[in-house]
Amino acid sequence: MNLLQEILRLSSEVISADQLEKMLAKSEASGEPLRIKFGIDPTFTDVHLGHAVPIRLLHLFQKHGHLPVLIIGDGTARLGDPTGRNDQRPPLTVQDVETNAATYLEQIGTIVDLSDGKCEVRRNSEWFGEMDFFDCLKLASSSTAARLLERDDFKKRMKENLPVHLHEMMYPLMQGLDSVKVKADVELGGNDQLFNLHMGRQMQERAGQRPQVCITTPLLLGTDGRKMSKSYGNHVGLNAEPADIYGKVMSLSDEGMAEWFRLATGLPDDQIEGVLAGHPREAKDKLARTIVADVHSEHAAEAAAAAFVAQFRKKEVPDDIPLKMVEAGSYSLPALMKDVGLGQSTSEARRLIQGGGVRINGHVVNDVKRQVEVVADKEPLLLQAGKRRFVHVQAG
RNA sequence: GGGGAGAUACCUAAGUGGCCAACAGGGAUGGACUGUAAAUCCAUUGGCUCAGCCUUCAGAGGUUCGAAUCCUCUUCUCCCCA
């Protein structure tokens, strides 16, 4: 499979494939690498597997000698990408943005080689920080209200009588300006980014540059089939623990497996087909192992799989249970649970107990008024809430 | 600038003076079943020193024995006109 074919396999739309093919050929002939732009706004701390799809593609380009231009949207993050949002993002402080940016780079670094010469990392505050109001007006004049309002997100919000703020309309223009500033040859993004990518093309043309090729990648859906998002809890974070990643992947719906294999693993198509032909549980195990091995290591994947089988299929108690120290004494069970973090409130703990989801040392307790003695110098008490929350409690 | 509509719990959304910690659905959590898939069923879904009490219906005041519901002001949003 050549580079172009591999790119097409991981993308949902390429504008245009012809242009890309020519660019690749020209670059090969001249030895001049293509500048592949990928922007990410440091609006939160977790990069998840869904974000990783375009990043994998970026890496693919890098492997073939092209230059990733990674844009940390520390300017745009202050504003917030309205893509797919039904509400406005809360504004972030400079501090938040900085912390997030650092963790982002760390996580992206596990996939793409970020070292000097191999990759260019830019922050868009570099140019946005210098612009004054008149520069903004000029930027605003590069498109029209009607054009910007065409986007689905805005149209939808207008239709639902939700607010669309003026500054949100500037977002695509800002992203477009990024492309102009870094003279991108190609820009990658999730398939909800098509509008923004297009804007870059348009603005480069106005600026007298060769318009970038836009490549969008399919959206990797969350484990429950909805859009992958931290707020739904259906995401797999790149900085998550092996056991966590493994478990999350195992909770994926069967329907999603084929797509996950293609987008989230580097396995070749024929091998994927072979695995999918077998038992769905085995296939999912393979998927989960592969992903854990990618993010962490083979060894971690092996351990995660074994721990999973023990805990959920054999219902054994896991061996890495967090230990919480409390003062020795007599506690009402709900209060103790709240203290050690098994529940936000005593009321919630109480509900768990009433629902039969709480065990002490393996025995179900459904008496809300149960007093628990925590005595010094004794074996820790094992508290369990639900299937997967375990805590050891010890006096100290 | 003028006129109209609206803000209810995680989300959608009912409730227009006491029967309201607030209908219903979604989501979430716990339980049964199981492959931590799907489907199905049951329970829970403000807090607490929990048969009781306390704090909630955008915010601040007010009327009333009693307010999510009525009045006044404030903030925010949408629609129509300019």
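These numbers come from the heavy atoms of this one structure, side chains and all, not from hydrogens, waters or symmetry mates. Numbered from 1 within each chain, the chains take letters A, B, ... in sequence-line order. Not measured: the values here are computed from a predicted model.
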Legend entry - 5′-ward residue of the pair A/E255/A/E348 relative to RNA chain B: A/E255
Legend entry - 5'-most by nearest nucleotide on RNA chain B - A/S332 or A/L352: A/L352
[atom1]-based separation of [M] from [N] [nearest Å]:
{"N": "B/A13", "M": "B/C33", "atom1": "P", "result": "38 Å"}
{"N": "B/U69", "M": "B/G6", "atom1": "P", "result": "14 Å"}
{"N": "B/A68", "M": "B/A60", "atom1": "P", "result": "13 Å"}
{"N": "B/U56", "M": "B/A39", "atom1": "P", "result": "40 Å"}
{"N": "B/A28", "M": "B/U75", "atom1": "C1'", "result": "32 Å"}

Name the nucleic acid region contacted by [X], choosing base, sugar-phosphate or nothing; use a 4.0 angstrom heavy-atom cut-off, strictly under.
{"X": "A/K284", "value": "base"}
{"X": "A/G247", "value": "base"}
{"X": "A/R359", "value": "nothing"}
{"X": "A/R313", "value": "sugar-phosphate"}

Strand partner of [N], provided both Watson-Crick or wobble distances fall under 3.5 Å:
{"N": "B/C48", "value": "B/G52"}
{"N": "B/C41", "value": "B/G31"}
{"N": "B/C57", "value": "none"}
{"N": "B/A21", "value": "none"}
{"N": "B/C70", "value": "B/G62"}
{"N": "B/U77", "value": "B/A5"}

So, OP1 or OP2 of [N]: does either fall under 4.0 Å of a side-chain N or O from [X]?
{"X": "A/T346", "N": "B/U49", "value": "yes"}
{"X": "A/R388", "N": "B/G30", "value": "yes"}
{"X": "A/R226", "N": "B/A28", "value": "yes"}

Inset, instruction - Could you work out which one of B/A37, B/G27, B/C33 sits closest to the side chain of A/S253? - result: B/A37
Legend entry - Any A/K248 side-chain heavy atom under 4.5 Å of A/H48 side chain: no
Inset, instruction - Applying salt bridge (Lys or Arg N to Asp or Glu O under 4.0 Å), name anything that partners A/D178, two or more places apart in sequence or on another chain. - result: none
Inset, instruction - Mark yes or no for a side-chain to base donor-acceptor pair under 3.5 Å between A/D254 and B/G35, with no hydrogen or angle criteria applied. - result: yes
Inset, instruction - Spell out yes or no: do the side chain of A/S345 and the base of B/C48 have one donor N/O and one acceptor N/O closer than 3.5 Å? - result: no
Inset, instruction - Any ring-ring contact (aromatic ring centres under 6.0 Å, His included) involving residues 236-278 of chain A? Give me the pairs, sequence neighbours left out, ordered by first then second residue. - result: A/Y246-A/F308
